[in-house]
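Counting starts at 1 for both ligands and their atoms, following the listed order.
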Amino acid sequence: MQFQSSPEPIPGASLFLSVGERRVPVILVRNLRARRYVLRLRHDGIARVTIPRGGSFAAGRAFAGRHASWLARQLRRLDEQPRQPALWQLGAELLFRGEVVRLEAGSNGSAGTVQVGTECVSISDPSADLRPAIEKHLRRIAERELPPRVTELAALHQLSIRRVSVRNQKSRWGSCSRRGTISLNWRLIQTPAFVQDYIILHELMHLRQMNHSPRFWREVETACPEYRTAELWLKQHSDLLRG
Ligand SMILES: [Zn+2]
């Protein structure tokens, strides 16, 4: 368990706590009315530390670090919580490749299709929740597009991978096993291409460094100079993972 700060911190986006294999974003908030340090895990998976009057950011960080096992338990609970997805109906907006798209009735005049940006999705009942059909469609796109990109970037960086799997994960964008299996969240297809590339490169760089040490981050920065912007984008859209 350790903290990492980016060399040039983005305000509010630079702090992460390693909890097991996860990197949990941490926000430190000063509250003059607070009497003690308080750690909370938000529903979007961001940890929030309240710093009381007279407290310091350093002590706030240390406080979160001391409660990492509590955070790990809360993260597990969050994972196990049944998702209560918002209903997706015509007119609803969602992210696809980093752009907000509105769900429109199919332009080909057929009642059984919904237009999602450039994608035309077949559905059986246009008045029902469109989410299952659309998620399935987006997941298929992710399964088609993400693994070849991993192969491409791995080759570029002369890394060998065993397998790429595209999965439905509620609390992480990707992971990398010691044996060289890269797992990616299908929801990456909802993020812009540079964010997809960052997550893929992040996981690939774990083949060189199985940790989040400064050396690991130097590898990430060399492979993906815009990684901080990508981290910030992900932080600002962390509700994507929660659905
Ligand atoms: Zn990592």
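Annotation: the span from Arg40 atom CZ to Trp70 atom CH2 amounts to 9.0 Å, rounded to 0.5 Å. Considering CZ of Arg97 and CG of Leu138, their distance stands at 9.0 Å, rounded to 0.5 Å. Summarising the geometry, atom CG belonging to Leu207 is positioned 8.0 Å from atom CD1 belonging to Ile161; distances are rounded to the nearest 0.5 Å. Note: Ile182 CD1 to Arg179 CZ = 13.5 Å, rounded to the nearest 0.5 Å.
Looking at Arg208, His157, His202 one by one, the single match for side-chain contact (heavy atoms from CB on, under 4.5 Å) with Glu219 turns out to be Arg208.
The nearest pair of heavy atoms linking Cys120 to Thr113 is SG-CB, 3.7 Å.
The Zn ion (ligand 1) has His202 NE2, His206 NE2, His212 NE2 as protein N, O or S atoms under 2.8 Å away.
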